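Only one structure is covered here, and it is reproduced in the block below.
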Amino acid sequence: MPLRNKFSSSNTLELLKRMGWFLVFMQITRLLFFYFNQSILGTYTFNDFIGGLWFDIVTFNLIGLPYVFFHSLPFKFRDTRIYRIFLNTLYYILLLSCLAFNLVDVEYYKHSHKRSTIDLFSIVSGGSDFKQQLGSFFRDFWFLFMAFIIFVIGIYWIHKKTFRKVSFTNYKREIIVFVVTVVFGVILGRGGFGLRPISTLNVSYFTTATKTGLVLNTPFTIIKSYGKQVLEIPDYYSEKELITHFNPNQNSQPQHLFKEKQNVVIILLESFGAEFVGCAGAENSFTPFLDSIAGESLNFKYGIANGKRSIEAIPAIYLSVPTWMDEAYITSPYASNQVKSLAEILNENQYETAFFHGATNGSMRFDAFTRQVGVTHYLGRSEYNNDKDFDGTWGIVDEKFLPWSAKKMSEFKQPFFSTIFTLSSHHPYFIPEKWKGKLKKGAHPFCETVNYTDESLRIFFQEAQKQAWYQNTIFVFLADHTPAPVDAKYATSKEIFHIPILIFDPSKQLPAQNSDEYFQQIDLFPTILDLLDIQTPFYAFGNSYFKHKNEAMSYSEGTYFYCFENYQLLFQNNQPRMLTDIKNTEPYPNDSLPFYTQKVNQIEKRIRAKIQTYNTDLVKNKLFYQQK
């Protein structure tokens, strides 16, 4: 047989053809990902394409190494029909599962601004949220399911047309090919000959910090996050030097603003990004009631979320622990660490503590987590006990659950500390029949649900004002995270964590003010202690508003977003990448990094200290006050 024919019928060529089709379909899903997230990602450059192709090659050899191994085995049983069926099945499982995960992030990326990691499975399996909303997912994201079906049909047709049966040649040749193929598969799966295998951080060599999700693929980020039991502990500083740059061990500073002990009610607003809230700077506001409250509040125009998902907001508020890693704290190996939460400190000071969430009990494990951190009462859909007000997929509608929560709090002994988490401004964007046609609409169905939640807040306050505890209560409003942006301006790095945060005191003993300082979710813990005049040591990554640190730091896909003064510094792969004027009204400000090297060097030390402290204390279980 001529050499050309030997090669064209070789087992190796068939393997390369299968990898080739894997890469083609992965690139198709990347194009879909780009098309539906273009407002976030901006442009798609040739470097992005090459980077994406490289990560897809690595993914095929990383996840598909068992397939490469079995496909290349140098034994004659490889020619049997049963074995070919086995190989085809293995290939289909590899390819279709990878495509499915990529399609999930076509939509989910709008909300998370990161490729999904292994904690996706923890979130899906936590509670019954996924099962309840499965029907609405099919209804609203039918095009993704349709794309998957088209992929299945296309792959089957290609298999019939292009893949060929390959006969065994001879043992010597097949053994050599087997060894070379597996060795190359391992090398490609590692991403080359480097001392360490390729990781998500390597994406910085191909693209900018704001487009990492475009170059990466979801199967890669899932497999790279699997089994990560510990964060890497950097050694930027000695322990003695570290605390000079950042020290989470703090002492409260009572402000003595109030004559009596105050209750605290935190209202956590599902997906209320600054884009839709007037008091946070939105030109087109869907929150007239919240805006009116802000005029009488300490209103932080530059509120910052410390995560991109609801599950990341709760530890930020209760523990002052942000999500500066790829996995949510609640689903991470560190969730069982020793902590001293805000709820525990308040319990020790005779506060009754409660968490209200109208979703089905078990949703995102909030009931288990709040119990773990010392919250006395969890009240959800089960405690509400009236499914006439169930939206059919998610939970009890806000207009019913919020005023019910106000009445329920009257059963508590004062002082109390409660959190109410709204839910209606969330997919599937349910609006009760009686409200249809009465709410402000926007460019996306989400806008109407924001207005509905705002009207539900109005109803809540009408009920709360009737309660004896109202006048002695501090109300805190903040969002859990930003939603998928409608305007491209809110897809930029300076806006993707921008949320409303305001503190309202009906007694007006806390002066109303529009603050230009940054205030992040993790700052709430120490600020509440100061407002309630509780003198205590505590551990927190945030700072009390009364210390005026004026900084915030969030994280996504290997990039730290650090805000200070008028600026935001992007810190990636252990070095500063971009400095922009975050308070500039221009939507796409220029990079100012070359002009502020001295200032950036100072800030870089604090960022490194925060990262070293965070990773060290999570790994070594030291998330509690330690006298040093």
Side-chain angles (χ1 to χ4, degrees), residues 248-268 298 314-321 338-357 366-380 383 404-421 460 463-478 503-510 521-540 542-547 623-627:
N249 298 291
Q250 306 181 44
N251 285 280
S252 58
Q253 298 177 345
Q255 297 299 301
H256 306 294
L257 295 174
F258 299 94
K259 298 174 182 177
E260 302 178 40
K261 275 193 172 184
Q262 296 292 299
N263 309 302
V264 176
V265 175
I266 296 175
I267 301 177
L268 192 57
L298 173 56
I314 307 303
I317 293 169
Y318 277 84
L319 303 179
S320 192
V321 172
Q338 180 183 349
V339 293
K340 186 68 174 289
S341 74
L342 176 61
E344 288 177 283
I345 293 174
L346 294 180
N347 286 337
E348 292 171 358
N349 285 269
Q350 287 73 55
Y351 274 74
E352 195 158 356
T353 53
F355 188 94
F356 294 82
H357 190 209
F366 289 156
D367 53 351
F369 179 76
T370 52
R371 182 169 60 249
Q372 178 188 341
V373 298
V375 176
T376 310
H377 308 287
Y378 182 93
L379 299 101
E383 288 72 23
W404 175 83
S405 301
K407 294 176 185 176
K408 207 70 181 169
M409 282 185 277
S410 293
E411 300 175 11
F412 298 160
K413 179 183 176 183
Q414 297 189 58
F416 60 78
F417 168 69
S418 294
T419 298
I420 307 174
F421 194 175
F460 167 79
E463 187 60 48
Q465 287 169 346
K466 301 174 186 176
Q467 309 304 318
W469 49 262
Y470 175 77
Q471 204 64 24
N472 292 330
T473 301
I474 300 168
F475 293 89
V476 181
F477 300 84
L478 77 162
I503 303 175
F504 171 61
D505 167 31
S507 70
K508 303 190 185 306
Q509 295 173 78
L510 175 66
Q521 290 168 333
I522 56 176
D523 293 338
L524 200 53
F525 182 141
T527 300
I528 287 175
L529 292 179
D530 288 354
L531 283 172
L532 298 182
D533 298 335
I534 295 175
Q535 183 69 63
T536 184
F538 62 93
Y539 180 103
N543 307 291
S544 170
Y545 163 69
F546 301 103
K547 287 188 177 179
L623 297 177
F624 52 90
Y625 183 85
Q626 306 146 57
Q627 190 69 48

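We use all heavy atoms of the structure for the numbers below, so side chains are in, but hydrogens, waters and symmetry mates are not. In this text, all values refer to a predicted model and were calculated from it rather than measured experimentally.
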**Asked** Going by heavy atoms in the side chains, are L531 and V264 under 4.5 Å from each other?
**Response** no
**Asked** Looking at side-chain heavy atoms only, is the closest gap between D523 and Y545 below 4.5 Å?
**Response** no
**Nearest-0.5 Å distance that lies between atom CG in L298 and atom CG in L510** = 5.5 Å
**Item:** From CD1 (I267) to CZ (F504), nearest 0.5 Å
**Value:** 10.0 Å
**Item:** Side-chain (T376) to main-chain (A354) donor-acceptor, under 3.5 angstrom
**Value:** no
**Request:** Grab the two heavy atoms, one from L478 and one from Q521, that are nearest each other, plus how far apart they are.
**Result:** CD1-CG, 3.7 Å
**Message:** Just verifying a value: how many Å separate H357 NE2 and T419 OG1, rounded to the nearest 0.5 Å?
**Reply:** 11.5 Å
**Ring centers of F475, Y470 separated by less than 6.0 Å** = yes
**Asked** So do L532 and L346 actually touch side chain to side chain, heavy atoms under 4.5 Å?
**Response** yes
**Request:** Work out which heavy atom in F460 is nearest to a heavy atom in I420; give both atom names and the distance.
**Result:** CE1-CD1, 3.6 Å
**Item:** Minimal non-hydrogen separation, I534 against S252, with atom names
**Value:** O-OG, 2.5 Å
**Request:** Measure centre to centre between the rings of F355 and Y378, then say whether the value is under 6.0 Å.
**Result:** yes
**Request:** Keeping the roles fixed (side chain from S341, backbone from V373), state whether a donor-acceptor pair exists under 3.5 Å.
**Result:** yes
**Item:** Heavy-atom closest pair, residues K261 and Q350
**Value:** NZ-OE1, 4.5 Å
**Request:** Measure from the side-chain N and O atoms of Q255 to the backbone N and O of Q253, and report whether any donor-acceptor pair falls under 3.5 Å.
**Result:** yes
**Request:** Applying salt bridge (charged side-chain N to carboxylate O under 4.0 Å, His left out), name anything that partners K508, two or more places apart in sequence or on another chain.
**Result:** E296
**Complete:** CD1 of I522 to OG1 of T527, rounded to nearest 0.5 Å, is 10.5 Å
**Prompt:** Is there side-chain contact between L319 and Y539, with at least one heavy-atom pair below 4.5 Å?
**Reply:** no
**Prompt:** Under the ring-ring contact (aromatic ring centres under 6.0 Å, His included) test, which residues partner F417, sequence neighbours left out?
**Reply:** Y318
**Asked** Between F412 and W469, does the ring centre distance come in under 6.0 Å?
**Response** no
**Request:** For residues T536 and L529, report the shortest heavy-atom separation together with the two atoms involved.
**Result:** CG2-CD1, 4.0 Å
**Message:** Quick check: do S507 and F258 have side-chain heavy atoms less than 4.5 Å from each other?
**Reply:** yes
**Message:** Using modelled atom types and a 3.5 Å cut-off, is there a donor and acceptor pairing between side-chain atoms of N263 and backbone atoms of I474?
**Reply:** no
**Request:** State the CG-OH distance between N251 and Y625, to the nearest 0.5 angstrom.
**Result:** 4.5 Å
**Asked** Taking C-beta and beyond as the side chain, do W404 and E383 meet within less than 4.5 Å on heavy atoms?
**Response** yes
**Message:** Show the nearest heavy-atom pair for residues N249 and F624, with the distance to one decimal.
**Reply:** OD1-O, 3.7 Å
**Item:** Donor-acceptor contact below 3.5 Å, side chain N347 vs main chain G374
**Value:** yes
**Backbone of E463 reached by a side-chain donor or acceptor of Q467 within 3.5 Å** = yes
**Under 3.5 Å donor-acceptor, Q250 side chain and G542 backbone** = yes
**Message:** Run the side chain to side chain contact (heavy atoms under 4.5 Å, CB included) test on I528 and I266 for me, step by step, so that the C-alpha distance in whole Å, both residues' side-chain angles and the decisive distance to 0.1 Å come before the verdict.
**Reply:** CA-CA 10 Å; I528 287 175; I266 296 175; 4.0 Å; yes
**Message:** In the structure I gave you, are the side-chain heavy atoms of T353 and T370 within less than 4.5 Å of one another anywhere?
**Reply:** no
**Item:** Minimum side-chain heavy-atom gap K340-E348 below 4.5 Å
**Value:** yes
**Item:** Distance, nearest 0.5 Å, that separates CG of D530 from NZ of K547
**Value:** 7.5 Å
